[in-house]
Student: 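Below is a structure I'd like to ask you about.
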Amino acid sequence: MQVHLTPPLEPSDASRHAAAIVAAAADISGAELDYSPGSIGLVEEIIDDFRAEGVTGEDMAESLVGFGCYVGEMLARHFDGAWRCAPDPLSRTVPLVVELPGARECDPIDWVFRRLSIGTDISIRDLYTEAGAGGRPHDEHTCD
């Protein structure tokens with residue numbers, strides 16, 4: 001599934017979307033997203049609640065992109081990453097990735113959409129940890 005935002009999401013917009021979802025999560029559910037690795041558990045809980053309510057990626061696309069930007073901002077802040085346009089935009093939910101040292105690319109927005117569609121078999125926490133460790137990914141959706 002591809003998400004088309006208006007205007008299209010650019011690398012320079014990602015931190016703003018992350019900050020917006022931090023504020024929205026606090027207002028709506030009282031969740032305190034503080035950009036710490038422990039807060040990924042809150043993101044997973046929120047996504048799991050959406051899934052339990054029968055929400056689809058299309059229903060919550062803007063919020064899911066915001067949560068993906070939040071996780072991506074954590075990668076950028078904790079692992080010296082930077083938002084970039086994806087080299088293969090047609091195969092991405094949103095054509096942005098976080099580039100980590102060593103030219104590895106992570107797609108945290110896709111991680112969030114996959115958590116919603118697949119469920120707890122997709123661990124955003126594990127994907128984040130693997131990305132930070134710099135190891136080889138166990139599947140193509142971790143980091144390339």
Side-chain angles (χ1 to χ4, degrees), residues 1-5 7-53 55-57 59-89 91-144:
M1 176 183 101
Q2 279 194 311
V3 174
H4 301 283
L5 301 175
L9 188 62
E10 297 290 333
S12 60
D13 300 327
S15 63
R16 182 174 47 81
H17 282 272
I21 207 68
V22 167
D27 288 345
I28 294 168
S29 65
E32 292 186 40
L33 299 176
D34 61 2
Y35 297 96
S36 70
S39 68
I40 292 174
L42 290 172
V43 171
E44 289 181 326
E45 288 175 24
I46 292 167
I47 303 308
D48 293 346
D49 288 346
F50 290 160
R51 182 176 168 79
E53 293 170 8
V55 171
T56 67
D59 295 335
M60 296 296 290
E62 195 167 317
S63 293
L64 295 172
V65 168
F67 284 113
C69 287
Y70 174 79
V71 174
E73 275 299 294
M74 291 176 57
L75 289 167
R77 293 175 184 199
H78 295 269
F79 304 129
D80 198 28
W83 285 100
R84 303 277 185 253
C85 291
D88 56 343
S91 69
R92 309 284 181 163
T93 305
V94 172
L96 290 184
V97 295
V98 174
E99 184 178 70
L100 298 175
R104 293 177 302 124
E105 294 174 349
C106 297
D107 191 342
I109 296 171
D110 184 61
W111 299 350
V112 169
F113 276 84
R114 289 178 64 226
R115 176 72 178 220
L116 178 70
S117 66
I118 296 170
T120 58
D121 286 345
I122 300 301
S123 171
I124 298 169
R125 183 186 332 252
D126 289 350
L127 292 167
Y128 173 86
T129 300
E130 288 176 31
R136 292 306 312 153
H138 70 276
D139 81 23
E140 71 276 10
H141 295 285
T142 306
C143 297
D144 299 325

Student: Mind listing the closest non-hydrogen atom pair of Arg104 and Ala131 along with its distance?
Tutor: NH1-O, 2.9 Å
Student: Does His17 use its side chain to pair, donor to acceptor, with the backbone of Glu62 at less than 3.5 Å?
Tutor: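 Looks like no, no N/O pair under 3.5 Å.
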Student: Run the salt-bridge test on Arg115 and Glu44 with the 4.0 Å N-O cut-off and return the result as yes or no.
Tutor: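 Here Arg115 pairs with Glu44 in a salt bridge, since their nearest N and O are under 4.0 Å apart.
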Student: Looking at Thr56 and Asp59, would you say the former's side chain and the latter's main chain have a donor-acceptor pair under 3.5 Å?
Tutor: yes
Student: Report the distance from atom CG of Leu33 to atom OH of Tyr70, rounding to the nearest 0.5 Å.
Tutor: 4.5 Å
Student: Enumerate donor-acceptor pairs with a distance under 3.5 Å from any side-chain N or O in residues 20-27 to protein atoms, sequence neighbours excluded.
Tutor:
none

Student: Got Val112 and Thr93 here, is their nearest side-chain heavy-atom distance under 4.5 Å?
Tutor: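 Contact flag for Val112/Thr93 side chains = no.
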Student: Supply the atom-to-atom distance Ser29 OG to Leu42 CG, rounded to the nearest 0.5 angstrom.
Tutor: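 That separation rounds to 8.0 Å.
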Student: Give the minimum heavy-atom separation between Asp34 and Ser39, together with the two atoms involved.
Tutor: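 Taking every non-hydrogen atom into account, OD1-CB, 3.7 Å.
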Student: Check Arg51 with Asp48, please: is the shortest side-chain N to carboxylate O separation under 4.0 Å?
Tutor: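 Between Arg51 and Asp48 there is no salt bridge, as every charged N stays at least 4.0 Å from the carboxylate O atoms.
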Student: I need the Asp107 CG to Arg114 CZ distance, nearest 0.5 Å.
Tutor: 9.0 Å
Student: For the atom pair CG (Asp13) and CZ (Arg16), what is the distance rounded to the nearest 0.5 Å?
Tutor: 4.5 Å
Student: Taking all heavy atoms of Gly41 and all of Arg125, pick out the closest pair and write down the distance.
Tutor: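 Minimum heavy-atom separation between Gly41 and Arg125: CA-NH2, 3.3 Å.
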Student: To the nearest 0.5 Å, tell me how far Glu130 CD sits from Cys106 SG.
Tutor: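 Going from the CD atom of Glu130 to the SG atom of Cys106 covers 10.0 Å.
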Student: How close do Gly81 and Leu100 get, heavy atom to heavy atom, and via which atoms?
Tutor: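 Closest approach of Gly81 to Leu100, heavy atoms only: CA-CD2, 3.8 Å.
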Student: What orientation do Phe79 and Tyr128 show, parallel under 30°, tilted 30 to 60°, or perpendicular over 60°?
Tutor: tilted
Student: Got Met74 and Pro108 here, is their nearest side-chain heavy-atom distance under 4.5 Å?
Tutor: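 The answer is no; the side chains never approach within 4.5 Å.
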Student: Could you state the interatomic distance from CG (Asp126) to CH2 (Trp111), rounded to the nearest 0.5 Å?
Tutor: 10.5 Å
Student: Of all the heavy-atom pairs spanning Leu116 and Gly57, show the shortest one and how long it is.
Tutor: CD2-N, 3.5 Å
Student: Which heavy atom in Cys69 sits nearest to a heavy atom in Leu9, and how many Å separate them?
Tutor: SG-CD2, 4.0 Å
Student: Going by heavy atoms in the side chains, are Leu64 and Phe50 under 4.5 Å from each other?
Tutor: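 Leu64 reaches Phe50 side chain to side chain.
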